[in-house]
Student: 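Just dropping this structure here.
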Amino acid sequence: QVQLVESGGGLVQAGGSLRLSCALSGRTFSSYTMAWFRQAPGKEREFVAAISWRDITTNYRDSVKGRFTISRDNAKNTVYLQMNSLKPEDTAPYYCAAKSGFPPTTNGHAYDYWGQGTQVTVSS
């Protein structure tokens, strides 16, 4: 049974930074493609970023390109989301997700495992 536990959320002013972490347990981390999604109240779930297990291919939604960076440490079974130049519209709970194999798709339905979420709040 795969378990995902997120951490690192919080309250930050616009222009600030946060780093989210997601630890995977229960399976071999290196065989999973990992992703971050977010879902603000009253809105649909949005893909944020993903990173493949095989060749470290990354994928980002357009609105976070150049501001967010996804990375992974297979030795620590952890994926990270470094978020810089945060904007109020980035406010949402952020969810970590995992799927077997390639590619790092933006489709949330392709992901098999989900964490409980960590709240990111950006004040203006």
Side-chain angles (χ1 to χ4, degrees):
Q1 181 71 19
V2 172
Q3 291 187 325
L4 301 174
V5 179
E6 304 100 331
S7 61
L11 172 64
V12 64
Q13 290 187 331
S17 298
L18 284 173
R19 187 176 82 155
L20 306 183
S21 300
C22 173
L24 182 149
S25 62
R27 289 290 189 273
T28 303
F29 177 74
S30 59
S31 65
Y32 285 88
T33 285
M34 304 296 296
W36 290 95
F37 290 78
R38 65 189 183 190
Q39 185 170 15
K43 296 187 177 180
E44 292 187 354
R45 183 175 61 194
E46 293 182 339
F47 167 80
V48 177
I51 185 167
S52 72
W53 67 272
R54 189 170 66 184
D55 58 3
I56 317 300
T57 299
T58 57
N59 194 1
Y60 296 93
R61 74 178 295 106
D62 286 345
S63 64
V64 307
K65 286 180 180 177
R67 300 190 297 123
F68 291 12
T69 302
I70 189 169
S71 62
R72 64 190 296 157
D73 185 337
N74 288 343
K76 296 183 178 180
N77 291 355
T78 300
V79 63
Y80 304 98
L81 185 67
Q82 178 66 44
M83 305 186 294
N84 299 328
S85 302
L86 282 160
K87 304 176 180 180
E89 51 264 42
D90 294 318
T91 295
Y94 281 66
Y95 299 91
C96 177
K99 63 182 285 289
S100 297
F102 193 82
T105 179
T106 63
N107 182 1
H109 296 292
Y111 290 83
D112 302 307
Y113 304 101
W114 294 81
Q116 294 299 306
T118 185
Q119 179 67 39
V120 171
T121 303
V122 184
S123 63
S124 56

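It should be emphasised that the depicted structure is a prediction, and the values quoted were computed from it without experimental measurement.
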Student: Are Ile51 and Val64 joined in one hydrophobic group, where the rule is that I, L, V, M, F, W and Y side chains link up if heavy atoms are under 4.5 Å apart?
Tutor: yes
Student: Is there a side-chain contact between Leu11 and Gln119 (heavy atoms, below 4.5 Å)?
Tutor: no
Student: What I'd like to find out is whether the side chain of Leu18 reaches to under 4.5 Å of the side chain of Val120, using heavy atoms alone.
Tutor: yes
Student: Roughly how far, to the nearest 0.5 Å, is CG of Asn74 from CH2 of Trp53?
Tutor: 10.5 Å
Student: Backbone N or O of Ser7 within a donor-acceptor pair of the Thr118 side chain at under 3.5 Å?
Tutor: no
Student: Give the minimum heavy-atom separation between Ala92 and Ala40, together with the two atoms involved.
Tutor: CB-N, 3.8 Å
Student: What are the two closest heavy atoms between Ala49 and Leu81, and how far apart are they?
Tutor: CB-CD1, 4.1 Å
Student: What's the separation between atom CD in Gln13 and atom OG in Ser123, rounded to the nearest 0.5 Å?
Tutor: 5.0 Å
Student: Examine Leu24 and Tyr95 and state if one hydrophobic cluster contains both, with Ile, Leu, Val, Met, Phe, Trp and Tyr joined whenever side-chain heavy atoms are less than 4.5 Å apart.
Tutor: no
Student: Quick check against the 3.5 Å criterion: does Arg72 have a side-chain atom that pairs as donor or acceptor with the backbone of Ser52?
Tutor: yes
Student: To the nearest 0.5 Å, how far apart are CH2 in Trp36 and CG in Leu20?
Tutor: 4.5 Å
Student: Do you know which two heavy atoms are closest between Ser100 and Asp112, and how far apart they sit?
Tutor: N-OD2, 3.9 Å
Student: Whether the side chain of Ser124 engages the backbone of Pro88 through a donor-acceptor N/O pair (distance < 3.5 Å, no angle test) should be reported.
Tutor: no
Student: Is there a donor-acceptor pair under 3.5 Å between the side chain of Tyr60 and the backbone N or O of Ile70?
Tutor: yes
Student: Going from CZ on Arg67 to CG on Asp90, what distance comes out if it is rounded to the nearest 0.5 angstrom?
Tutor: 4.0 Å
Student: Test of understanding: clusters of I, L, V, M, F, W, Y form through side-chain heavy atoms closer than 4.5 Å, transitively. Do Met34 and Ile56 belong to the same one?
Tutor: yes
Student: When you check the gap from the basic side-chain N to the acidic O, do Asp62 and Lys65 get nearer than 4.0 Å?
Tutor: yes
Student: Judged by atom type as modelled, is there a donor-acceptor pair below 3.5 Å linking the side chain of Gln82 to the main-chain atoms of Arg19?
Tutor: no
Student: Is Gln116 atom CD crowded by more than 12 heavy atoms from other residues, nucleotides or ligands, each under 6.0 Å away?
Tutor: no
Student: Just verifying a value: how many Å separate Lys87 NZ and Ser63 OG, rounded to the nearest 0.5 Å?
Tutor: 7.5 Å
Student: Do Phe68 and Leu86 have side-chain heavy atoms sitting under 4.5 Å apart?
Tutor: yes
Student: In the structure I gave you, are the side-chain heavy atoms of Trp114 and Cys96 within less than 4.5 Å of one another anywhere?
Tutor: no
Student: Is Arg38 reaching over with its side chain to a backbone N or O of Glu46, donor-acceptor style, under 3.5 angstrom?
Tutor: no
Student: For residues Tyr94 and Met83, report the shortest heavy-atom separation together with the two atoms involved.
Tutor: CE2-SD, 3.9 Å
Student: Are Val79 and Tyr111 in one and the same hydrophobic cluster, where Ile, Leu, Val, Met, Phe, Trp and Tyr link if side-chain heavy atoms are under 4.5 Å apart?
Tutor: no
Student: Would a hydrophobic clustering, with Ile, Leu, Val, Met, Phe, Trp and Tyr connected at side-chain separations under 4.5 Å, put Phe37 with Leu4?
Tutor: no
